[in-house]
Structures are given as structure tokens and as C-alpha cells.
Peer 1: 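Here it is, the structure, as C-alpha cells.
Sequence lines set the chain letters: A, B, ... in the order given, protein chains first and strands last, and positions in each chain run from 1.
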Amino acid sequence: MAPMADTYDFRNIERPWQERWEREQIYIADSDDPRPKYYTMEMLPYPSGDLHVGHAKNYTLGDAVARTMRMLGYNVLHPMGWDAFGLPAENAAIARGIDPGTWTKSNIANMERQVRLMGTGYDWRREVATCDPEYYRWNQWLFLRLYENGLAYKREAPVNWCPHDQTVLANEQVIDGRCWRCGHLVERRNLSQWFLKITDYADRLLAGLDELDGWPERTKTMQRNWIGRSTGVTLKWKIEQSDATFETFTTRVDTIFGVTFVVLAPEHPAVAAIKSIVSKKNAAAIETFAESLQSKSELERTSLMEKEGVATGAYAINPLSHERVPIFVANYVVAEYGTGAVQGVPAHDERDFEFAKKYGLPIAQVIAQSDVGVDAPLTEPYTGEGRLIASGDFTGMRSERARDVIAEHLKAAGIGGKTVHYRFRDWLVSRQRYWGTPIPIVYCERCGEVAVPDDQLPVLLPADVPITGEGSPLARDEQFINTTCPSCGGPARRESDTMDTFFESSWYFLRYLDARNDAAPWAIDHARHWMNVDQYIGGAEHTVLHLLYSRFFYKFFHDQGWVSGSEEPFQRLFHQGMVLYNGEKMSKSRGNVVGIDETADKNGVDAMRLFLLYVTPPEDTSDWTDEGITGRVRFLNRVWRASEPFLAAAADVSPRELPPIASAEDRSLVRAVHVVAKSMVDEVSSRRFHFNTTIAKLDELVNAMTTAAQKTPDSRAFLYAVHALPLLLAPYAPHIADELWSRLGHATSIHLERVIEPEDAALEVDEITLVVQVNGKIRARINAPPGIAEDEAIALALADPNVRAQMDGKEVRKRIFVPDKLVNLVVA
RNA sequence: GGGGAAGUGGCGGAACGGCAGACGCAGCCGCCUCAAAAGCGGCCGGGGCAACUCGUGUGGGUUCAAAUCCCACCUUCCCCA
């Protein structure tokens with residue numbers, strides 16, 4: 001269908017504008033600009049190949065924010081990049097024999113084209129791709145700084161192993177016992193791995209959340225829960241007939257007299273000592289039990305499997321009561337969590353209760369729920385507070401107080417004391433895969449573990465490595481592996497692990513600031529000027545992973561003096577909702593992906609952007625519908641018809657100056673302009689970003705203009721609206737806005753203009769509708785001048801026949817008056 | 001099991017203690033047209049001829065006034081275990 005003269009001909013209008021914006025570099029931002037800075041960005045995408053409208057929702061939202069802030073006079077930095085390392089590239093290599101680098105680069109090229117196609121305004125000079133050696137070189141550099149500061153270390157540990165992806169995973173990347181990427185059940189293996197000591201920053205990561213007013217509460221709560229700080233008591237236990245000891249951690253030391261057994265993780269070091277003192281039969285049983293759990297994941301052991309254990313035959317001595325209690329090994333205690341040993345208090349802990357029931361262990365109640373005392377045996381554990389019973393010297397004390405008193409007592413006796421415990425653990429960053437940043441460490445026969453010196457960075461990822469999906473590709477590459485020791489010059493082997501891709505996405509927002517710096521990851525001056533990020537926009541799936549890692553890195557950078565100001569990288573955070581199609585998440589396998597190219601070609605980019613912003617508030621999940629976008633195509637056509645024929649006449653009517661008002665229609669038209677202007681500003685300053693309401697108000701304005709175009713096309717108010725409309729459309733529908741603007745005779749892009757400042761004079765109305773209620777029910781609506789006084793309003797209300805009929809001569813008990821809104825007469 | 005968020009016409013949503021359903025989609029009627037599409041105008045929660053009346057998941061409460069605040073319950077979704 002050929003575009004008619006009275007429709008917005010997006011096919012011939014949108015692309016030329018994108019080219020012109022590019023040519024004129026209108027979106028570049030520099031730190032020497034005198035305007036106040038505003039740093040906003042969306043989470044960088046993984047270049048999977050094609051963008052769909054779900055991506056578009058994210059970038060359109062960010063773009064609308066960036067454009068509005070620019071129009072409000074800010075020096076807006078809005079950059080873009082690619083999270084370009086990761087498994088899909090390797091999987092493509094396995095499936096189709098394509099080189100991961102080639103695959104990734106062609107995806108980036110395509111997606112970059114699509115991002116430009118969406119009309120999103122980025123400062124492309126700052127673009128980064130994390131697989132670029134000039135980027136990952138600084139990954140390695142940062143890794144070495146962490147290493148020097150004792151924050152990167154290698155140790156053998158039981159780790160999460162994904163048998164499908166053939167690599168280890170960080171705890172944060174295991175969701176319900178499954179690999180976050182491929183969904184396969186994770187196994188446990190003992191491997192020597194690189195960790196980052198994020199736990200050193202636990203308290204600062206917690207404290208920092210308190211200052212993040214611009215973050216969703218949910219996200220902060222989830223991070224707090226993930227870190228999982230708890231305060232309790234660590235106490236030391238002796239094993240009968242052995243020199244071996246172990247420690248337990250408990251938040252309920254007040255129940256110490258209720259311990260009737262202890263449980264060790266089968267991997268606990270003290271288990272070896274126990275095996276040497278118990279009977280051969282017992283030792284063998286422990287061994288068999290431990291072996292049966294070897295590859296079981298933590299989730300299986302602690303949640304999925306029934307609680308099972310084996311009595312070791314050994315006994316431990318309660319450090320306080322000196323009672324002798326049996327030692328068990330059990331599946332539900334994991335060596336990596338806490339001390340790897342748990343004191344069993346079945347009367348007051350659910351898991352212990354379950355275990356004691358199963359193995360017929362005594363249940364000793366030591367906390368009484370009421371002051372009355374124990375009346376009946378427990379049928380379920382009591383986990384609340386109460387008064388201590390059967391607890392030696394501490395009997396009769398309130399449990400809350402007993403926790404402190406007992407802790408003091410243990411400390412004085414040298415057998416324990418208060419400690420803080422965290423649920424999260426150090427960040428495992430090794431990956432046994434090819435497409436990632438090589439860890440810059442070599443192993444020398446003579447010198448051991450040696451850091452690659454800075455001047456030998458980057459350690460380049462070798463090309464032409466066979467990728468089979470089995471084992472680590474780099475470990476097999478002799479050319480890569482064999483090297484010389486930077487310290488002694490002797491033969492050495494390179495680390496074959498690459499870094500978790502979350503490493504590079506933890507600091508990319510700093511590289512944007514100084515993307516081409518080849519002497520440092522960024523210059524501190526740039527960080528000082530731009531940080532922190534004023535507004536960060538991205539999906540809620542990153543609440544723990546990426547956002548926690550980035551906060552950790554940023555605090556480390558702060559300690560190194562590489563950034564200044566706030567210790568938090570992201571001042572404000574916004575999670576946009578997903579886009580569904582036919583009620584389902586878009587995915588290639590389901591075949592329900594709505595692509596950018598098709599949509600742009602069929603409906604135009606401005607219509608797509610408007611639809612995505614209009615359909616729901618941005619934080620909600622929205623449904624893509626073909627009817628819905630049609631509505632926005634129609635809207636743009638209405639804009640065109642109500643503006644385009646009048647542009648010549650409107651050229652001389654300034655949108656910066658209120659026009660003369662000749663009629664009520666004039667007034668409401670001018671008011672409609674300012675209602676939109678106010679909404680546009682309010683939605684960014686409140687950071688609510690509910691542009692759906694702004695666009696609804698734009699609809700109202702355009703509807704009013706459509707009427708005026710037919711009735712009073714010569715009125716100054718109408719022509720004022722024609723000239724103002726593009727300024728109101730600019731953040732959401734940038735192409736049509738610039739096209740109309742240029743046809744109004746402006747030589748420079750509308751995106752360098754200021755917003756229309758909402759003016760109170762224009763927002764005023766000359767008549768308000770006063771709602772009159774009798775006993776809270778609406779009985780009349782009266783037109784009245786704004787600012788009408790209470791007495792007058794009530795007099796008008798009482799004069800209304802309908803109101804009088806309802807009052808039925810009864811006495812007015814109370815009069816409620818809400819200025820310009822409502823009168824409520826309470827009668828009886 | 002614990003915590004959180006949400007429930008409004010046929011649909012997406014608006015209203016953040018004060019006119020419920022803005023705006024859009026779908027639908028219906030009309031104009032235009034040979035006809036259709038597009039466009040333009042109108043109608044569009046239920047009941048009632050009407051005055052009115054009922055209505056924001058369910059039940060209570062606070063208030064002159066509740067979609068909005070509080071309590072309980074139901075349902076859905078998301079986290080954690």
C-alpha cells in the first residue's frame with residue numbers, strides 16, 4: 001500500500017533522521033560540558049543475534065528518560081555496549097563449527113544495526129565489547145589488583161558443576177539446584193578454583209543498601225537475604241577419647257542445655273579422627289555414607305533428600321553442661337556452610353526435631369513457652385522465645401537475655417564467643433570454558449603461582465582452538481599453556497581457566513567513561529565527573545548476581561582511590577517488566593519472537609516505541625498485540641493530519657510563548673498542551689517513568705487538535721499547539737517529532753531543544769465542577785469558578801433542587817469542603 | 001513453610017482518601033464511498049421507562065467520604081527455605 005499524503009510516511013522519514021542524528025553527532029556527551037551531568041544507561045545486552053521487542057522496551061524506556069533529561073538541560077551520558085563473552089558463542093561453535101569470535105562479532109554488528117534502527121540515542125564513541133582484547137586486558141589488570149590485595153585466591157573446594165555446560169558455577173548462578181543458563185541439575189565436585197573474596201565486603205555491601213533510596217525495596221531485601229548476616233555464638237567441642245575438636249555456630253546458644261546430639265558434615269576434617277577411634281564397622285559405615293553423598297548437590301542434600309545420618313559411635317562433650325552426646329554424620333549438614341557442624345537441639349529446632357524422631361534420640365526441652373513450666377511432652381519443636389528450664393545456672397532466665405549471658409560465660413571460659421556469620425560465600429570466578437577472559441596467572445615449577453606482569457597484558461585468548469564441549473579447550477592447547485615464568489624465566493604453565501562473564505559486566509559502566517584509554521581502565525577524572533550512575537535500567541533477574549558483584553567491585557575501586565564520591569555505583573535502579581507474546585515469554589524455540597526488523601518495517605519505529613511505552617507502566621509485564629500497535633500507528637497518522645497541513649501557518653507562532661486566548665476551546669487546547677508538558681516532566685522527576693499516562697494525555701491533545709483543525713484552523717491557540725506538539729512527542733516518537741520540527745522551519749534537531757515548561761497560567765481552568773454529596777452520596781454537580789469560597793460553594797449546593805430533595809428538611813450536621821472539588825453535607 | 005507484590009468493564013490500563021473506568025484496543029451505530037479500506041462523528045460496566053440503584057477478588061473495620069488506609073480470607077505471580 002502506497003503511503004497516502006495524509007499519513008505519517010515512516011518508511012521515508014525515519015531512516016533519514018537516524019542518519020542525520022548520526023552525522024551531526026547530537027548524542028555525544030563530554031565531561032567538560034558546563035551543564036549538570038546525568039549518567040543513565042540500560043544493562044548491556046548479550047549479543048545473541050537478534051533483538052526483539054522485549055529488548056526494545058528496555059532501550060526505549062531508557063531512551064525516553066535520556067531524551068527528556070537532555071531536554072531538561074542536562075548533559076546526558078547514554079552509552080551502549082556488548083556483554084560479549086559467554087557460552088552461547090561456544091555452543092554455536094560446537095553445533096555449527098563457527099568460530100566464537102566470528103559468531104559474536106557478526107551478532108554485534110547485526111544487533112548494533114537494530115539498536116540504531118530503534119532510533120535510540122547513544123554516544124557510540126564509548127561503545128565497548130567485552131570480548132575485545134582492549135577490554136579484557138583491563139579485566140586481567142583488575143584481576144591482578146584484586147590478587148595483590150588478597151581478594152583473589154585459588155583453593156580446592158566442593159563446587160557446583162554443571163554437567164551440561166561442562167563448567168563450574170557460582171552459588172548465585174545456581175537456581176533451585178539447577179544451572180541458571182541451561183537448567184540442568186548441578187553436581188558437586190571438588191576442584192581447585194579461583195575465588196574473589198566478596199565476603200570481606202559483606203558488612204559494607206549491607207550498609208550500602210541503606211543509602212540506596214532510589215532502589216526498589218524488593219531488590220534491596222533480596223540482596224540482604226542473600227548476604228544473610230546473622231550473629232550468634234561459635235563454640236568449641238571436644239571429642240571423647242580424642243584430641244580432635246570441632247566448632248559449631250548457633251544463633252540460639254540459649255538452647256545449649258537442650259543439645260542431645262551433634263551432627264558433622266561427612267566431609268568435616270574431624271571425621272577422619274573419629275574414624276580412627278571407633279570400631280571398624282562404624283568407620284566403614286561412615287565411609288559408605290560419605291561416598292553415597294559425594295556427587296550430590298547441596299540442594300539435594302539440604303532440601304530434596306530426606307534427612308539421613310549415621311551414628312559414628314563417637315561422643316562429644318557439651319562444653320557447658322559437660323554432657324556426653326552422640327556424634328552423627330548426616331546429609332543435611334554441608335561442610336561449606338558455616339562450621340560444617342551443627343548441634344542438635346530437637347526440642348527447639350525443626351530439622352533437629354525431625355532427625356531426632358527418625359533416629360529415636362532424646363528430646364530435651366529447655367525453653368518453656370509460658371511461665372507455668374512444662375506440662376506435656378512436645379509434639380512439635382518450639383522455636384520461639386521463653387524462659388529457660390533445666391539449664392543449670394541459667395535456669396529461669398529469659399531466652400533473649402540468656403543468649404548474651406551464656407555467650408559472655410563461654411567467652412570468659414575460653415570455649416566460645418560471639419561471632420558473625422554470613423550465608424553467602426566467596427565468588428567463584430573460574431570457568432573451564434574457552435570464550436572468556438584468560439586468568440592472568442602462570443604456574444612455575446620453581447616459583448609456584450606467579451602473576452603475569454602488567455606489561456605482558458593482555459594474555460590473549462588463542463584463536464583456532466578446537467571446541468568440542470568436552471573439557472577445557474584452553475587446557476588442551478599446548479601452545480597456549482606452555483610459557484615461561486615471568487619471574488625466573490623457567491618453564492611454566494598458564495592457568496587454563498577463564499573468568500566468569502559477570503566479571504567484565506561488573507565494571508563496564510566505568511569503561512564507558514574512558515573507553516579508548518590504553519594506559520588505564522579509566523582515568524579517575526572521568527569517574528569523578530560522571531559517577532555515580534544516576535539511573536540504571538534493567539531486568540529484575542539481575543537483582544543478586546550482577547548488581548551485587550558490581551557493588552563489590554565499586555567498593556574495592558573506592559578503596560584503591562580509583563573512584564570518588566559515593567561508594568555505590570548505581571544511585572537509582574529501575575526494573576522494567578517483560579514483554580510477552582500470546583501470553584508467553586518470547587523465545588526462539590517457541591517461535592513467538594516479535595523481531596525489531598519486522599515491526600519497524602510494518603509499523604514504523606515511532607509506533608513501536610509509543611506502543612511499548614503506552615501499553616502498561618514500564619515495570620509491569622506487558623503483552624505485545626498486533627491490534628495494540630495498530631492503535632499507535634493510527635495515533636501517529638492523527639498527529640500528522642492535525643499538524644502537517646498547518647505547519648506553514650504555525651511556523652511563526654512560538655511554542656515558547658502562550659498564545660492569546662479567544663475562546664473556551666482555545667483555553668482548553670492550550671491547557672492540553674501544558675497538561676502533557678507537566679506529565680512529561682513529572683514522570684521523570686518522580687522517577688516513576690509512567691509514560692503511558694503522558695502518552696494518554698498526548699492522545700487527548702491530538703484529539704482536541706483534530707477537532708480544532710476542522711473548526712478553527714486559523715486560531716493562534718491551535719497553531720501554538722501545532723508548533724508545540726513535536727516538542728511533546730520528541731522523547732517518545734523522536735522521528736516524527738524531528739520531521740515536523742524541521743518542516744516548521746527549524747534548522748537544528750528538536751532533540752537539542754528544551755522541553756516546554758509547564759505553566760500554571762496555562763494549566764488553570766476557568767470553570768471547575770464541584771461535586772455535591774449528601775451523606776457521602778453524589779447528588780449534584782455544579783459548575784463554579786475556581787477558588788470559590790466555602791460559604792459560596794455551600795450556598796450553591798444548598799440551592800440545588802436535587803440536593804434539597806435529598807436533605808428533606810433535615811438538619812445539616814456537618815459540612816465538608818474540599819476546595820475546587822467537593823462539598824459533602826452530612827444531614828440527619 | 002516464611003516473606004513480598006498484585007487482583008478495577010470483553011481486553012490493556014487510568015484514578016495514589018474526594019466525579020471509578022481517563023486514554024487505547026475490540027465491539028455497535030452513523031457519515032463518506034458504486035463498494036471496501038482508511039478517515040470522521042457518536043455509543044459502549046450491570047439493573048431500571050424513569051427518579052434512581054448496584055458495582056474496583058471475598059468478608060469485616062476506620063472515615064463525612066475507601067479501588068486507595070487497617071485486619072482476615074481467597075486467587076495469581078515473584079523471591080527465600
Side-chain angles (χ1 to χ4, degrees), chain A residues 1-7 175-177 216-228 298-299 302-304 332 350-351 380 383 423-424 539-541 543-544 575 577-580 583 607 610-617 619-635 637-638 640-642 672 675-676 679 686 688 690-704 706-707 709-711 768-783 801-802 805-806 812-828:
Chain A
M1 184 187 69
M4 289 182 287
D6 60 350
T7 60
I175 316 285
D176 287 339
E217 267 326 303
R218 260 169 51 82
T219 304
K220 288 191 281 185
T221 304
M222 281 169 63
Q223 288 210 2
R224 282 191 193 103
N225 291 342
W226 182 262
I227 294 166
E298 191 179 316
L299 181 93
T302 58
S303 305
L304 302 180
Y332 73 96
E350 280 164 32
R351 283 194 315 185
E380 55 179 37
T383 57
R423 204 182 67 90
F424 83 148
E541 64 274 19
T543 46
V544 177
H575 293 309
M578 288 187 300
V579 180
L580 307 180
L610 284 169
F611 175 71
L612 290 167
L613 293 172
Y614 181 66
V615 63
T616 56
E619 65 273 25
D620 288 359
T621 300
S622 41
D623 267 295
W624 181 271
T625 64
D626 299 320
E627 295 80 18
I629 184 143
T630 304
R632 294 300 90 195
V633 172
R634 279 185 216 155
F635 166 75
N637 288 336
R638 280 199 293 276
W640 194 257
R641 279 190 295 272
V675 165
V676 179
S679 175
S686 67
R688 213 171 67 127
H690 284 196
F691 301 125
N692 55 325
T693 61
T694 311
I695 295 169
K697 290 171 172 100
L698 265 167
D699 272 75
E700 293 189 65
L701 169 62
V702 173
N703 289 343
T706 299
T707 304
Q710 289 163 0
K711 292 185 180 159
I768 52 117
T769 302
L770 206 55
V771 171
V772 182
Q773 297 180 330
V774 178
N775 286 342
K777 289 196 188 288
I778 295 160
R779 296 302 173 186
R781 294 185 177 88
I782 310 175
N783 289 333
N802 228 341
Q806 289 297 329
V812 176
R813 290 279 175 83
K814 198 166 176 182
R815 299 145 192 243
I816 310 289
F817 176 68
V818 182
D820 288 350
K821 287 216 166 122
L822 165 137
V823 170
N824 187 10
L825 302 168
V826 184
V827 302

Peer 1: Base, sugar-phosphate alone, or nothing: which one does Arg641(A) contact when heavy atoms must sit under 4.0 Å apart?
Peer 2: sugar-phosphate
Peer 1: Under 4.0 Å from OP1 or OP2 of rA14(B): is there any side-chain N or O of Asn692(A) that close?
Peer 2: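 Affirmative; the distance criterion is met.
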Peer 1: Going by the salt bridge (Lys or Arg N to Asp or Glu O under 4.0 Å) test, which pairs reach into residues 219-228 of chain A, not counting sequence neighbours?
Peer 2: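 Non-adjacent pairs meeting salt bridge (Lys or Arg N to Asp or Glu O under 4.0 Å): Asp210(A)-Arg224(A), Glu217(A)-Lys220(A).
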Peer 1: Which nucleotide sits closest to the side chain of Arg781(A): rG18(B), rC19(B), rG13(B)?
Peer 2: rC19(B)
Peer 1: To the side chain of Val615(A), which of rA22(B), rA14(B), rG12(B) is closest?
Peer 2: rG12(B)
Peer 1: Show me the protein contacts with nucleotides 59-65 of chain B, counting only N or O atoms at under 3.5 Å.
Peer 2:
| unit_1 | atom_1 | unit_2 | atom_2 | d |
| --- | --- | --- | --- | --- |
| rC64(B) | OP1 | Lys814(A) | NZ | 3.2 |
| rC64(B) | O2' | Asn824(A) | ND2 | 3.2 |
| rC64(B) | O2 | Asn824(A) | ND2 | 2.5 |

Peer 1: Assign a letter to each nucleotide of nucleotides 42-47 of chain B from its 5' end: B, base within under 4.0 Å of a protein heavy atom; S, sugar-phosphate only; -, no contact.
Peer 2: ------
Peer 1: Out of rC19(B), rA14(B), rG41(B), which nucleotide sits closest to the side chain of Thr706(A)?
Peer 2: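 Nearest nucleotide to the side chain: rG41(B).
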Peer 1: Roughly how far apart, to the nearest Å, are rG3(B) and rG48(B) at atom C1'?
Peer 2: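 One C1' to the other, the span is 48 Å.
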Peer 1: Measure all distances between protein nitrogen or oxygen atoms and nitrogen or oxygen atoms of nucleotides 24-27 of chain B, and list the pairs falling under 3.5 Å.
Peer 2:
| unit_1 | atom_1 | unit_2 | atom_2 | d |
| --- | --- | --- | --- | --- |
| rG24(B) | OP1 | Asn703(A) | ND2 | 3.1 |
| rG24(B) | O4' | Tyr614(A) | OH | 2.5 |
| rC25(B) | OP1 | Arg634(A) | NH1 | 2.8 |
| rA26(B) | OP1 | Arg634(A) | NH2 | 3.3 |
| rA26(B) | OP2 | Arg634(A) | NH1 | 3.3 |

Peer 1: Can you tell me which stems involve RNA chain B, if a stem is defined as three or more consecutive Watson-Crick or G-U wobble pairs, both distances under 3.5 Å?
Peer 2: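 Runs of three or more consecutive pairs: B:1-7 with B:74-80, B:10-12 with B:23-25, B:27-31 with B:39-43, B:45-47 with B:52-54, B:57-61 with B:69-73.
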Peer 1: Work out how far the C1' atom of rA26(B) is from that of rU33(B), and round it to whole angstrom.
Peer 2: 24 Å
Peer 1: What is the distance, rounded to the nearest whole Å, between atom CD of Glu619(A) and atom C1' of rG12(B)?
Peer 2: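 It is 14 Å, rounded to the nearest whole Å.
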Peer 1: How long is the span from the CZ atom in Phe611(A) to the CD atom in Glu627(A), to the nearest 0.5 Å?
Peer 2: 9.0 Å
Peer 1: Could you check which of rA14(B), rG41(B), rG4(B) has an atom nearest any side-chain atom of Arg218(A)?
Peer 2: rG4(B)
Peer 1: Identify each atom pair where a protein N or O and an N or O of nucleotides 52-56 of chain B are less than 3.5 Å apart, giving names and distance.
Peer 2:
| unit_1 | atom_1 | unit_2 | atom_2 | d |
| --- | --- | --- | --- | --- |
| rC52(B) | OP1 | Asn802(A) | OD1 | 3.3 |
| rC52(B) | OP1 | Asn802(A) | ND2 | 3.3 |
| rU53(B) | OP1 | Arg779(A) | NH1 | 3.4 |
| rU53(B) | OP1 | Arg779(A) | NH2 | 3.3 |
| rU53(B) | OP2 | Arg779(A) | NH1 | 3.3 |

